[in-house]
Amino acid sequence: MNKLNISIVGVPMDLGQNRRGVDMGPSAIRYAGAIERLKALGHTVNDKGDIVIGRKEISKNTKLRNLEEVVEGNTKLANEVKEILAEGDYPLVLGGDHSIAIGTIAGLADKYKNLGVIWYDAHADLNTEETSPSGNIHGMPLAVSLGLGHTDLVKIRSYTPKLKPENVVIIGARSVDPGERELIKEKGIKVFSMHEIDKLGMTKVMEQTIEYFQKREVDGVHLSLDLDGIDPIYTPGVGTPVPGGITYRESHLAMEMLYSSNLITSAEFVEVNPILDEKNKTADVAVALMGSLFGESLL
Ligand SMILES: NC(=[NH2+])NCCC[C@H](N)C(=O)O
Ligand SMILES: [Mn+2]
Ligand SMILES: [Mn+2]
């Protein structure tokens with residue numbers, strides 16, 4: 001494939017959930033060798049460093065924890081992603097908790113008017129402040145991108161919605177809240193849960209995902225990869241682990257098939273929490289999967 005100009009931006013955000021340490025995710029991923037790995041594949045890599053996340057006093061809003069800081073951080077991220085696209089580069093975002101997908105997608109939506117999104121995750125992240133069991137905004141970014149939820153989140157970069165429900169494919173879901181389940185049905189969102197992955201196998205799941213986006217005639221596809229989509233045996237360093245997940249090999253296969261499809265135009269790797277990890281194992285998996293997504297092959 002063609003060699004890319006990849007622009008990396010780190011987002012040390014930990015305010016979208018309760019467990020500290022995920023703000024160190026971008027460093028852990030860099031330390032695991034992300035930049036060297038991508039350069040070795042012949043890509044040009046421009047590391048733009050980290051976005052500054054403002055910290056105020058602990059938020060009293062238990063329905064939307066740290067709303068103000070999350071809005072502020074995501075607004076900065078959206079502007080950064082927009083700038084990367086304006087330079088003609090490929091945005092690669094390192095998290096940080098999954099609330100940062102709000103900013104990434106808001107930045108992408110400026111350019112891509114029919115954007116597709118692959119949500120590789122144990123969760124659907126389709127809660128709003130009404131349905132959330134936790135008040136954690138990292139459980140809400142997909143809903144926000146569809147235009148649902150608190151206006152301060154939804155209106156980042158002013159217009160809404162950023163995404164059409166029929167342009168979303170969720171892969172790996174196994175922990176879905178009642179309100180999320182309703183939304184999936186109501187909006188007809190395509191989900192390959194662990195049930196479908198078990199039944200069809202990852203090859204068919206990815207073939208069908210790729211075909212789905214080709215039929216939808218999307219103008220770009222963003223991969224939002226939450227490391228908790230993978231089984232916690234391989235990625236223990238995440239804040240909300242759910243057993244029974246996608247295996248390491250299945251995930252590599254998925255990334256390799258996405259690479260061959262030439263469909264993906266931006267990516268983010270989120271929820272790496274080095275404090276909860278074992279010897280940076282989770283960041284190592286993130287970087288290994290990045291390798292496959294950007295063209296590494298075994299032979
Ligand atoms: N990005 C994540 N890890 N999200 C986990 C969300 C967990 C749960 N569904 C919640 O809304 O609180
Ligand atoms: Mn998750
Ligand atoms: Mn998630």
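First listed ligand is number 1; within each ligand, the first listed atom is number 1. Along the sequence shown, the residues carry numbers beginning at 1.
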| message | What I want to know is whether T240 and ligand 1 share at least one N or O pair that is separated by under 3.5 angstrom. | response | yes
| note | With heavy atoms and a 4.0 Å threshold, my read on which part of H138 contacts ligand 1 is both
| Which bit of D226 gets closer than 4.0 Å to ligand 1, counting heavy atoms only: side chain, backbone, both or neither? | side chain
| query | With a cut-off of 4.0 Å, which atoms of ligand 1 are near a heavy atom of D228? | reply | 3 (N)
| Atoms in ligand 1 flagged as close to H98, the criterion being non-hydrogen separation under 4.0 Å | 1 (N)
| message | Both conditions, 6.0 Å and 45 degrees, for the charged tip of K113 above the ring of Y159: are they met here? | response | yes
| message | Under 6.0 Å between ring centres: does that hold for W119 and H222? | response | no
| message | I need the contact type for V238 against ligand 1. Using non-hydrogen atoms and a strict under-4.0 Å cut-off, is it side chain, backbone, both or neither? | response | neither
| query | Which atom, counting only N, O or S, brings D121 closest to the Mn ion (ligand 3)? | reply | OD2
| query | Can you tell which part of E271 has a heavy atom less than 4.0 Å from ligand 1: side chain, backbone, both or neither? | reply | side chain
| query | Which atom, counting only N, O or S, brings D226 closest to the Mn ion (ligand 2)? | reply | OD2
| H123 near the Mn ion (ligand 3) via N/O/S, less than 2.8 Å | no
| message | Does either side chain, that of N46 or that of N5, offer a donor lying less than 3.5 Å from an acceptor on the other one? | response | no
| said: Under 4.0 Å from a heavy atom of S134: which atoms of ligand 1 are those, numbered in the order shown and with their elements? | reply: 10 (C), 11 (O), 12 (O)
| remark: Within 4.0 Å of some non-hydrogen atom of G139, the atoms of ligand 1 are 6 (C), 11 (O)
| the Mn ion (ligand 2) contact by D125, N, O or S atom under 2.8 Å | no
| Charged N-O contact under 4.0 Å between D50 and R30 | yes
| query | Do the ring planes of H43 and F294 sit parallel (below 30°), tilted (30 to 60°) or perpendicular (above 60°)? | reply | perpendicular
| query | Does D228 bring an N, O or S atom to within less than 2.8 Å of the Mn ion (ligand 2)? | reply | yes
| Backbone or side-chain N or O of N136 under 3.5 Å from ligand 1 N or O | no
